[in-house]
Amino acid sequence: MSNATAITPTRAQDFPEWYQQVVRAADMAENSEVRGCMVIKPWGYGLWENIQRQLDVKFKATGHVNAYFPLLIPLSYLEKEAQHAEGFATECAVVTHHRLEAQKQPDGTTKMIPTGELAEPFVIRPTSETIIGAAFARWVESYRDLPLLINQWCNVMRWEMRPRLFLRTAEFLWQEGHTAHETAEEAIVETRTMHKVYEDFMRDHLAIPVIPGEKTERERFPGAMQTFTVEAMVQDKKAIQAGTSHYLGQNFAKAANIQFLGRDNTRQLAHTTSWGVSTRMIGTVIMAHGDDDGVIIPPRVAPNQIVILPVTPKADTRDEVIAACEALAQTLRTQSFAGEPLRVHVDKRDLQGGAKNWEWIKKGVPMRLEMGPRDITSRSVAVCRRDQGPKAKEFVPKEEFIQSVTERLQEIQDALLARATALRDANMKKLETLEEFKAFFAEDSEGGFAMMHWAGSSDDEDTLSKDLKVTIRCIPHGDQFAEEGKCFLTGKPSSRRVVFARSY
RNA sequence: CGGGCUGUGGCUCAGCCUGGUAGAGCGCUUCGUUCGGGACGAAGAGGUCGUGGGUUCGAAUCCCGCCAGCCCGACCA
């Protein structure tokens, strides 16, 4: 094979097509016969399981507990909060019948005809504020019942027009946290706490630096008072929203009637929040770290952090080599990395070595080890790091490797974060004028994150977005964005820059 | 929901214009040679040509209906 890279086309040639090919080459997911719905294959699901488990620890550590609520939501629930309902109306799947009747056709086949129409249709949850709100209303009577800190891991469905594996699918997996509080202050603290949890998780676990900030009114979650977001930059310089945290004020409490008797013996409405991240994060990881040979998964969340490839050139040494590989794997598994036992796999399949090697490169396993007869004799292993070139190989004495394995994994984790941070920083620009802005986002230019002084209206934002296909990703927190200046569109004074970008 | 395109072995597609009941590459199986390596050769498995109807002696190919998918717009974790 003479291909310079494992993936065709390369990122530079056609990024969206590269993405599709990478997902396929990594065997992470595939399109299913159900429109817009994907099959998540073991390698992709393994990544999700790690994300899920590690986030769950953080949720528990911040006082939350898990629960589960129904998939189906009475249609009337969605009518209780007008803004919310309108926000999701165009993408709801509706269940209208509850039984099928077999009907024999003249040609001998059988058709199943829906019967038993429901008096009130159900909507398959696009998000669960309404039905969880109804439960909260039953559970909360006194200020002593607050705060209520609940999370659920589940699937939701939004009938998207243009699905793409992991990035936008009709059905997707996520977690949705829902909390109710006695005061607005407490609810806002909760919203910000979870926003911070997402920011930290993205950086420390997924090796993706994000810009934390607040959404403008136009981009806000339907029905929310405030929406906080973490925005990541991926390699085509577009932004992707990786997680959101909403302060819902009393809007949903009012709609669902979440009332409690306060310390002053008056009836009050609770203040609620909701926050979530989804399987989209997997797409974000792929686009943030992948290269022209496939996916690169950060060690902390990789389904296998190390794959051992036995080199078995001769049949008579094969058993010995495999036994040595198994023994090494066992030794490594007794060690921990980032608080979890090392995940090590020995690939014993009877395939050609090169084919196997490239398969794991495309899957993005952080570290590959080769061990053959010569290594057994010399008591060494060949170490290949996925953040380096496919040919890069270092022979390390086995004992030394065992001693240093977790440091080596951390080096990869750090290298990925450094690389992603460098990409982002190189493509964030402070611009001052509309001309500069237009040039920055012109069809043939690189694009990126434009940091702009902004004091325009929602209508201005709308017009700008439609003309140039860019949006305000967020009004970022952080001192580096705070400075006096003038709005690049209206000339009005501004005390903070906002981040504009094209987005997924 | 508006505009364009496409439905042929597991995947990507050729064949259709100029009707005569199926081809390639990849993948898969077996054997052999190779192999610290995404190799090569040989043999082989696998297809109601989206679906229903029409024209015809004969339809993957022509005509009509239906269904599904893709791309471009509005929406989006």
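Below, chains carry the letters A, B, ... as their sequence lines are ordered, and counting in each starts from 1.
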*Please state whether the base of rG36(B) and the side chain of Asn357(A) form at least one donor-acceptor pair under 3.5 Å?*
no
*Between Phe221(A), Trp275(A), Phe228(A), which is the residue that forms a ring-ring contact (aromatic ring centres under 6.0 Å, His included) with His246(A)?*
Phe221(A)
*Scan side-chain atoms only and decide if Glu214(A) and His195(A) contain a donor-acceptor pair under the 3.5 Å cut-off.*
no
*Classify the side chain of Arg158(A) versus the base of rC76(B) as yes if they form a donor-acceptor pair under 3.5 Å and no if they do not.*
no
*Closest listed nucleotide, where the reference is the side chain of Arg168(A) and the choices are rC76(B), rC75(B), rG36(B)*: rC76(B)
_Does either side chain, that of Thr216(A) or that of Glu461(A), offer a donor lying less than 3.5 Å from an acceptor on the other one?_
yes
*For RNA chain B, which residues in residues 204-233 of chain A have a heavy atom at a distance below 4.0 Å?*
none
*Using a cut-off of 4.0 Å on non-hydrogen atoms, how would the nucleic acid contact of Glu370(A) be classed: base, sugar-phosphate, or nothing?*
base
*asked:* Are His84(A) and Phe252(A) an aromatic pair, judged by ring center distance below 6.0 Å?
replied: yes
_Taking the six-membered ring of Tyr77(A) as reference, does the cationic atom of Lys80(A) (NZ for Lys, CZ for Arg) lie under 6.0 Å from its centre and within 45° of its axis?_
yes
*So, is Lys469(A) near the phosphate of rG73(B), with a side-chain N or O under 4.0 Å from OP1 or OP2?*
yes
*asked:* Only Watson-Crick and G-U wobble pairs, only distances under 3.5 Å, only runs of 3 or more: what stems does that leave for RNA chain B?
replied: B:1-7 with B:67-73, B:10-13 with B:23-26, B:28-33 with B:39-44, B:50-54 with B:62-66
*Could you check which of rA39(B), rA77(B), rG38(B) has an atom nearest any side-chain atom of Ala6(A)?*
rG38(B)
*Pair Trp153(A), Asp56(A): side-chain N/O donor-acceptor within cut-off below 3.5 Å*: yes
*Considering residues at least two apart in sequence or located in another chain, which fulfil the salt bridge (Lys or Arg N to Asp or Glu O under 4.0 Å) criterion with Arg318(A)?*
none
*Using distance alone, with no hydrogens and no angle criterion, decide if Thr191(A) and Ser245(A) have a side-chain donor and acceptor under 3.5 Å apart.*
no
_Quick check: on RNA chain B, is the nucleotide nearest Gly243(A) upstream (toward 5') of the one nearest Gly354(A), or the reverse? Name the residue that is more 5'._
Gly354(A)
*Do you see a donor-acceptor pair shorter than 3.5 Å between the side chains of Arg473(A) and Thr229(A)?*
no
*Let me know, please, whether Val34(A) or Thr169(A) comes out on the 5' side of the other along RNA chain B by nearest nucleotide.*
Val34(A)
*Looking only at side-chain atoms of Lys362(A), point me to the closest of rG36(B), rC75(B), rG38(B).*
rG38(B)
